[in-house]
Amino acid sequence: MTKLNLNYHKLSGRPLFPEIEKRVEAMKQKQPHAVFLNLGVENGTQPLFPNVTAALTAASSEMGNKETFRGYGPCEGYQFLRKAIVAHDHKDFSPDEIFISDGSHADLADLQEIFSLENRVAVIDPAYPIYVETNVMAGRSRPLLKTGRYGGIVYLSCTEENGFQPELPNVHVDLLYLSSPNNPTGVALSRETLTRFVQFAKKNNAIIIHDAAYESFITSDAPRSIYEIENARDVAIEVRSFSKSAGFAGLRCSYTIVPHHLKVYDAGALHSVHALWKRRVETKTCGVSYPIQKAASALYTREGQQAIRDAMKIYAERAKTLLYGLKSIGYTVYGGIDAPYIWCKTPPKVGSWEFFDFVLENIHVITMPGVGFGQGGEGYIRFSAFAEPHEIQETLERFKRLA
Ligand SMILES: *Cc1c(COP(=O)(O)O)cnc(C)c1O
């Protein structure tokens, strides 16, 4: 008899995105003539850059030529890409500390498996659901509580009161998930916050998994990498992605930095996290396709870098329009400066889902209910600036009518 992994039974209901889809579909059935605006999107509106598609096409042609055809590549990624990444963005690392992956989703989900189930996990709240849910699936939590939080997980609240800068855990934890700039709050962690966490991890022999998927959107002086903080390479893994900065959501390419310095304990003995992750990658994956890695390496050219800056400018402009537009209508809003997301307070005593449904039904705007990102998101909805300018204008017009 096949028995199931009971940890899957601990998961709360339907995942966020299918639930949104279901509600939107139902509303479209109910109001077939309404024009819906989608301000809930998590990927860019700008297409791939011309030099990226050129690299993609050229590499695909190489694969169709007997002389230049390639089979399996290195599991951790081709040296040409790892070297380009180090040369441009991570000069203090060696190329073999960079692991190329088919999207940071997979790495954020899988990094936990090289660590013991006995580790206590702390997670920024609200946050991308993947950090908590993959630890629940693995068995690092107790069942879901009435509060909507999982037993055994330590939640690091990002609130209006603390400026969305989480406090340190007040209990022992071993593994911490941070994300800066954070999705959904759209707020980056300050140098002070990241420094406190790095010092905490160092003192407690804990490890930080830092999700930096939106680092390229930062316009303030917040750190773009956790490695800007002293000693971070002793305690942190950083996960980065081309999905948001360069429109790679549909191509799938990202990378994870696992420093040689990083160590994990086993009955007092020290082991290299890098060696463990490399072992895992070599066993479980076979790398990212050659054309995709060529496309990613085209980002590390003058043209590629300029195209990223141009795209970031476009999204920053749109985020600002949304942020100040909503503010002028009277909403309390955060984020938008270092990320393409605006974190908007719901009216008094109105919950996230309630406001999401109300907005969907009355002005046909699709947002994201904050509570979908954890209990810390209750009382908020999230807007995305990944929309066309006319859609943003129209959204603001419709919200004016609501007010
Ligand atoms: C979009 C996103 C990612 C990127 O995921 P990929 O798998 O690289 O496309 C990672 N973290 C957060 C918080 C995101 O919103």
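Excluded from the calculations below are hydrogen atoms, water molecules and symmetry mates; all remaining heavy atoms, backbone and side chain alike, are included. Quick caveat: nothing in here was measured; it's all calculated off a predicted structure.
In the model, Ser352 has a side-chain atom that pairs as donor or acceptor with a side-chain atom of Glu378 under 3.5 Å. Side-chain atoms of Thr301 and Asn51 form a donor-acceptor pair, as typed in the model, at a separation below 3.5 Å. No side-chain N or O of Thr134 forms a donor-acceptor pair with one of Arg140 less than 3.5 Å apart. Tyr128 and Asp211 are not linked by any side-chain donor-acceptor pair at a separation below 3.5 angstrom, with hydrogens and angles left out of the test. In the model, Arg382 has a side-chain atom that pairs as donor or acceptor with a side-chain atom of Asn183 under 3.5 Å. With 3.5 Å as the limit, one finds no donor-acceptor pair spanning the side chains of Thr57 and Ser60. With no hydrogens or angles considered, no side-chain donor-acceptor pair links Asn135 and Tyr150 at under 3.5 Å. Side-chain contact annotation: His274 with Glu97, donor-acceptor N/O pair under 3.5 Å absent.
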Test log, rule side chain to side chain contact (heavy atoms under 4.5 Å, CB included), inputs Leu323 and Thr321: CA-CA 6 Å; Leu323 179 72; Thr321 307; over 6 Å; no
Residue pair Tyr324, Val333: steps toward the side chain to side chain contact (heavy atoms under 4.5 Å, CB included) verdict: CA-CA 8 Å; Tyr324 294 114; Val333 281; over 6 Å; no
Audit row: Arg401, Glu397, salt bridge (charged side-chain N to carboxylate O under 4.0 Å, His left out) steps and yes/no: CA-CA 7 Å; Arg401 261 187 271 142; Glu397 289 305 320; over 6 Å; no
side-chain hydrogen bond (donor to acceptor under 3.5 Å, both in side chains) evaluation trace for Ser384 with Glu42: CA-CA 7 Å; Ser384 160; Glu42 284 200 349; over 6 Å; no
Stepwise side chain to side chain contact (heavy atoms under 4.5 Å, CB included) test for Ile308 and Leu299: CA-CA 8 Å; Ile308 292 177; Leu299 297 170; 4.3 Å; yes
Criterion salt bridge (charged side-chain N to carboxylate O under 4.0 Å, His left out) on Glu192 and Arg196, from CA distance to verdict: CA-CA 6 Å; Glu192 294 68 42; Arg196 270 191 287 123; over 6 Å; no
Worked check of side chain to side chain contact (heavy atoms under 4.5 Å, CB included) between Leu81 and Tyr255: CA-CA 10 Å; Leu81 180 55; Tyr255 64 94; over 6 Å; no
Trace of the side-chain hydrogen bond (donor to acceptor under 3.5 Å, both in side chains) decision for Arg318 with Thr45: CA-CA 11 Å; Arg318 294 178 190 181; Thr45 57; 3.1 Å; yes
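With contacts defined as side-chain heavy-atom distances shorter than 4.5 Å, the pair Leu262/Arg233 does not qualify. Taking the side chain as every heavy atom from C-beta outward, Tyr131 and Ile209 never approach each other to under 4.5 Å. Ile20 has its side chain within reach of Pro369: a pair of non-hydrogen atoms, C-beta onward, lies under 4.5 Å apart. Contact of the Ile237 side chain with the Thr256 side chain is registered, since non-hydrogen atoms from C-beta on lie closer than 4.5 Å. Proximity of Ser254 to Phe248: side-chain heavy atoms (C-beta onward) are nowhere separated by under 4.5 Å. The closest side-chain heavy-atom distance from Asp102 to Ser289 is not below 4.5 Å.
When ring centroids are compared, Phe399 and Phe383 come within the 6.0 Å threshold. Ring centroid separation for the pair Phe373 and Tyr380 does not come in under the 6.0 Å cut-off.
Partners of Asp107 according to the salt bridge (charged side-chain N to carboxylate O under 4.0 Å, His left out) rule, which considers only residues two or more places apart in sequence or in another chain, do not exist here. Every residue meeting the salt bridge (charged side-chain N to carboxylate O under 4.0 Å, His left out) condition with Glu160, not counting sequence neighbours, appears here in chain and number order: Lys345. Qualifying ring-ring contact (aromatic ring centres under 6.0 Å, His included) partners for Tyr334, counting only residues two or more places apart in sequence or in other chains: Phe164. Listed by chain and number, the residues in a salt bridge (charged side-chain N to carboxylate O under 4.0 Å, His left out) with Lys327 amount to none (sequence neighbours excluded). When the salt bridge (charged side-chain N to carboxylate O under 4.0 Å, His left out) test is applied to Glu215, the partners found at least two apart in sequence or on another chain are Arg224, Arg240.
By the 4.0 Å N-to-carboxylate-O rule, Lys22 lies too far from Glu25 to be salt-bridged with it. Salt bridge absent: Arg82 and Asp96 never bring a charged side-chain N and a carboxylate O closer than 4.0 Å. Checked for salt-bridge contact, Arg23 and Glu19 meet the test: a charged N lies under 4.0 Å from a carboxylate O.
A cation-pi contact, defined as under 6.0 Å to the ring centre and within 45° of the axis, links Lys28 to Phe36.
The two atoms that bring Arg191 and Asp221 nearest to each other are NH2-O, 3.7 Å, heavy atoms only. Taking every heavy atom of both residues into account, Gly376 and Asp125 meet most closely at N-OD2, 3.0 Å. Pairing each heavy atom of Ala236 with each of Ile226, the nearest pair is CB-CG2, 3.8 Å. Annotation for Ala109 and Gln112: closest pair O-NE2, 3.0 Å, computed over non-hydrogen atoms. When all heavy atoms of Ala249 and Arg252 are compared, the closest pair comes out as O-NH1, 3.0 Å. Taking every heavy atom of both residues into account, Met368 and Phe17 meet most closely at CE-CE2, 3.2 Å.
Remark: side-chain polar atoms of Lys10 are not paired, donor with acceptor, to backbone N or O of Val136 under 3.5 angstrom.
Ring geometry, Tyr341 versus Tyr214: the interplanar angle exceeds 60°, so the pair is classed perpendicular (tilted spans 30 to 60°). Relative ring orientation between Phe80 and Tyr78 is described as parallel, the plane-to-plane angle staying below 30° on a 0-90° scale split at 30° and 60°. The aromatic rings of Tyr300 and Phe242 stand perpendicular to each other, their planes meeting at an angle above 60°, with 30° marking the opposite boundary. Using cut-offs of 30° and 60° for the angle between ring planes, the Phe93 and His90 rings count as perpendicular.
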Donor-acceptor pairs are to be reported for all side-chain atoms of residues 62-77 against protein atoms at under 3.5 Å, with residues two or more places apart or in another chain.
{"from": "Glu62", "atom 1": "OE1", "to": "Tyr290", "atom 2": "OH", "distance (Å)": "2.8"}
{"from": "Glu62", "atom 1": "OE2", "to": "Tyr290", "atom 2": "OH", "distance (Å)": "3.2"}
{"from": "Asn65", "atom 1": "OD1", "to": "Glu67", "atom 2": "N", "distance (Å)": "3.1"}
{"from": "Thr68", "atom 1": "OG1", "to": "Glu62", "atom 2": "O", "distance (Å)": "2.8"}
{"from": "Glu76", "atom 1": "OE2", "to": "Lys278", "atom 2": "NZ", "distance (Å)": "2.7"}

